[in-house]
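Just so it is clear, the model here is predicted, and its values are computed rather than measured. Every chain is numbered from 1 and lettered A, B, ... according to where its sequence line falls, protein lines coming before strand lines. Below, all heavy atoms of this structure are taken into account, side chains as well, without hydrogens, waters or symmetry copies.
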Amino acid sequence: MKLVYLDHNATTPVASEVLEAMHPYFREDFYNPSSIYSPAQKVREKVEEARLKVARLLNAEPSEIVFTSGGTEANNQAIIGGARANRKKGNHIITSAIEHHAVLDTCLRLEKEGFEVTVLPVDQYGTVSPESLQKAIKPETVLVSIMYANNEVGTVQDIKTLAHIARQNGSLFHTDAVQAVGKIKVDVKELGIDMLSLSAHKFYGPKGIGCLYIKKGVKVESLLTGGGQENKMRAGTENTPGIIGLGRAAEFILENREEMEKRIRELEELLRQGIKDRIPDVIFTGHPENRVPGCVSVCFKYIEGESMLLLLDQQGIMASSGSACSSKSLKASHVLLAMGITPEIAHGSLRLSLGKDTKREDIEYVLEVLPGVVEKLRAMSPLYRRGDG
Amino acid sequence: MKLVYLDHNATTPVASEVLEAMHPYFREDFYNPSSIYSPAQKVREKVEEARLKVARLLNAEPSEIVFTSGGTEANNQAIIGGARANRKKGNHIITSAIEHHAVLDTCLRLEKEGFEVTVLPVDQYGTVSPESLQKAIKPETVLVSIMYANNEVGTVQDIKTLAHIARQNGSLFHTDAVQAVGKIKVDVKELGIDMLSLSAHKFYGPKGIGCLYIKKGVKVESLLTGGGQENKMRAGTENTPGIIGLGRAAEFILENREEMEKRIRELEELLRQGIKDRIPDVIFTGHPENRVPGCVSVCFKYIEGESMLLLLDQQGIMASSGSACSSKSLKASHVLLAMGITPEIAHGSLRLSLGKDTKREDIEYVLEVLPGVVEKLRAMSPLYRRGDG
Amino acid sequence: MDKMYTREVMDHFLNPRNVGSVENADGVGEVGNASCGDIMRIEIKVEDDKIADIKFQTFGCAAAIATSSMITELVKGKTLTEAEKITNKKVAEALGGLPPVKMHCSNLAADALKKAIADYRERRIDSDSSGHNLFDRADSDSKAFKDKP
Ligand SMILES: Cc1ncc(COP(=O)(O)O)c(C=O)c1O
Ligand SMILES: Cc1ncc(COP(=O)(O)O)c(C=O)c1O
Ligand code: FES
Ligand code: FES
């Protein structure tokens, strides 16, 4: 069966050049980089080289990069560590309604610890308005965390303007850039931000590794205590193959992103247009222009996401939906709801996310299969029959 | 140059069968195991298979295994999560003076948060006496954390008896088994413990992955918040190659540990006897019998560890020392000091830790080189000439 | 050790110059403390106000050994006044730099040398005023050890 992977926002395959770069550090050069003997010191050099590559991708300094076990840990570290270390400034945190759970739930955890949390709304495109931040921010605001690009709908925020407002107020600004890095240009200096999270497996690096950029001088408490690794910011024996893989993936992105973006945007347009032409009653979600490349988020009225995914899977198409099963009932995506989409419609969401290896044939295949899937489910839907919704 | 790796307590090479098992999950079966489509569900199965293997190694249930990014995270999670979730029992924590920093520093962090921490002493062999625990424990003791095997001197504690005391008192018992798993038999049911940490890279698995065993029914707060992975206990996209590698390493240990232990204990004896025979003024540290296999910890009077390591490195021998440089002066190992060894002697510590691939020739080579290294440094030492110290 | 230590540090560590003690030393300086993990002892022979011979013994890390060795080379043949001008920084520079955590090791070398010179001067005053033998080993040694922190 033909397999078409259109879930690159969930995870990506490790690029062959990345896996190759990692390979020696599992068995041959497996040494602990904190050890003193020369073979271990050579591994240390490779770790520092990887740090330099990641720094280069972000236009940061190597000393500003702290390796973590992924995007989730980076977000936790930024929010918990940033808020706790600067508590004297105040106990107010601002975030947005469309954040990933690694940010949202972490803010809510801090709320239980006595922080006050403001969750900014978004407009119908998923955009946080600078005005709403300006209104919410106050002298006690210690931290503002707004994601760079949304994982479900792809909307990109005006981080530069938002960060400027935070800076004017003396508040730290963090951005979850897990879905931005690898897809669009990210320049921490130009953005003027204090912290940024990324995760390697979203851009052809390995799972289980990511990093937190922390601007020089910004005080952040470490999350994990123990050995003094990562300049005392992150304890634990370094995941050397992971770090070296992340470095190589950063280099890959630096070299190929622009060309990739162009190609992916073209295919994305083909897919959007094809869906529009072939299927009635569809609603595209996300910002019409300010979007990362390759993220097609669409709601099909009258039907439900999980069923769609399973039928697509039957035909070898891998995609995702904001609709997820919780123990009591289906839960519509908090992102779509925050954008003002009704729960009925939000339940019918489908996310097709393209990647570097996506081919024109893949898109054509999806356009062949998808109308039938939607039709089949609509034929079963009481909503469709009744014609409301 | 001949290379002899005798630092297996620092880290180990990934076994070839382990790397082979991991390999498909980087590129071919790279799917996010939380995704719904069949190729991803196959990865989910492999993750659960790995969980089963780890559970089998520990004699635990699969549902009691939470994958983490390593031993440090597991220790942090156990101590912070265990103490916070059960705070109503009390605010007293007990640990020992020879713990790894991932335990010790985490306890000290909780001390700043208002917990009371008792650090139990050890005897000259590095043993925590059950009597001292019995004396220190009180109704408010929420958690006791005592390591299974020490990383520097290899001493193994009587965890069963210590855990029994904690249980009688209604306190949680956690053990850092990072240096025990892979070296000696570990059976959580027989030990009667509530939590146990392990790290894959200490037993021929990959770096950046470990787990925390949490006995069914024991309440522990999660450390990282976000997606609901690991049954809501540990957020973050699963490091699938890491988890599958850990599973394979667990299986490898289950199949080979006994035979390995026998071989390593023989070589270890050869090394100990050889050092005794060839070098005067040496002090072996650690328990004379209750020790993990392969850990030779020895102090050479009148000289300093780092210099020894560098001279050994010149001849291709990789080892470690408890003596480490801090910004003000050399710092002697807190483990050796806790055992009552004087700082002068502790500074001359050397740890040679053997592994599955250590050969008789390797030991013979070390016995050839080491006496010359010690002699060279002693010839330079002001302590040696005067004969004091 | 490409990263941690420079070529010069490793050279002086692996092939330390002037190890040992000077027979009938004119001055002895010892600094450090075994429990802190470093002791450095420098012995000098002075002729015409110049350091005619110098030897060291060190208990400490590679940086401590290398700085001891380097300082003996730097001051051999120099006048006492010149030798006293050697700073910790200069020793570290001559070694091509030391890792930040190791900078304190270089303090030991210059301090030990200064102490040895002071010891030499003190003995001259002692012997000038008391008429005792200038090079009374036993006496000077005990003095040097009394200075131990
Ligand atoms: C926007 C965003 N933030 C954070 C994460 C978490 O990253 P990870 O799963 O690598 O920890 C993800 C992906 O899962 C994401 O899409
Ligand atoms: C006893 C002990 N506990 C915890 C750790 C930490 O494990 P990791 O470095 O894998 O996080 C180590 C090793 O570094 C250890 O030896
Ligand atoms: S319809 Fe299946 S989750 Fe309720
Ligand atoms: S002697 Fe102090 S660390 Fe070198």
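Of the atoms belonging to Ile243(A), not a single heavy atom falls under 4.5 Å from chain B. Contacts of Ala319(A) with chain B are made by backbone atoms alone, with heavy-atom separations under 4.5 Å and no side-chain atom involved. For Leu223(B), the parts lying under 4.5 angstrom from a heavy atom of chain A are both the backbone and the side chain. The contact between Thr240(A) and chain B is made by backbone and side chain atoms together, counting heavy-atom distances below 4.5 Å. Neither the backbone nor the side chain of Glu28(B) comes within contact range of chain A; no heavy atom of the residue lies under 4.5 Å from a heavy atom of that chain.
Residues Glu238(B) and Lys207(A) share a closest heavy-atom pair of O-CD, 3.3 Å. Shown here for Thr72(B) and Gly236(A), the closest heavy-atom pair between the two residues is OG1-CA, 3.2 Å.
A 4.5 Å side-chain heavy-atom check between Pro39(A) and Met318(B) finds at least one atom pair inside the cut-off. Pro241(A) is not listed as a side-chain neighbour of Met22(B), based on a closest heavy-atom distance of 4.5 Å or more. By the 4.5 Å heavy-atom criterion applied to side chains, Pro206(B) and Arg27(A) are not counted as neighbours.
When Asp29(A), Thr106(A), Ile317(A), Leu310(A) are compared by the number of non-hydrogen pairs under 4.5 Å with chain B, Thr106(A) comes out ahead. When each of His201(A), Gln77(A), His100(A) is scored by its heavy-atom pairs under 4.5 Å with chain B, the top score falls to His201(A). Contact count against chain A (heavy-atom pairs under 4.5 Å) is highest for Ala235(B) among Ala235(B), Ser34(B), Gly70(B).
Side-chain contact annotation: Tyr31(A) with Asp7(B), donor-acceptor N/O pair under 3.5 Å absent.
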Item to check | Residue pair Asn76(B), Thr225(A): steps toward the side chain to side chain donor-acceptor pair (under 3.5 Å) verdict | outcome: CA-CA 7 Å; Asn76(B) 273 257; Thr225(A) 39; 3.1 Å; yes
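Not a single donor-acceptor pair under 3.5 Å links the side chain of Arg109(B) to the backbone N or O of Leu224(A).
If you take CD on Gln229(A) and NE2 on His101(B), they are separated by 10.5 Å, rounding to the nearest 0.5 Å. To the nearest 0.5 Å, the span separating CZ on Phe26(A) from NE2 on His23(B) amounts to 8.0 Å. Atoms CG and OH, from Leu6(B) and Tyr37(A) in turn, are 9.5 Å apart once rounded to the nearest 0.5 Å. Note that CD1 of Ile36(B) is 11.0 Å distant from CE of Met308(A), once rounded to the nearest 0.5 Å. For the atom pair OG of Ser38(A) and CD of Gln314(B), the computed distance is 6.5 Å after rounding to the nearest 0.5 Å.
Using the six-membered ring where Trp is involved, Tyr5(B) and Phe30(A) have ring planes that are perpendicular, over 60° apart on the 30 and 60° scheme.
Every residue two or more places apart in sequence or in another chain that forms a salt bridge (Lys or Arg N to Asp or Glu O under 4.0 Å) with Lys2(B) is listed here: Asp362(B).
For residues 9-16 of chain B, heavy-atom neighbours of chain A at less than 4.5 Å comprise Ala10(B), Thr11(B), Thr12(B), Pro13(B), Val14(B), Ala15(B), Ser16(B), sorted by residue number.
Atom NZ of Lys356(A) is surrounded by more than 12 heavy atoms from other residues, nucleotides or ligands within 6.0 Å. More than 12 non-hydrogen atoms from other residues, nucleotides or ligands lie less than 6.0 angstrom from CD of Glu111(B).
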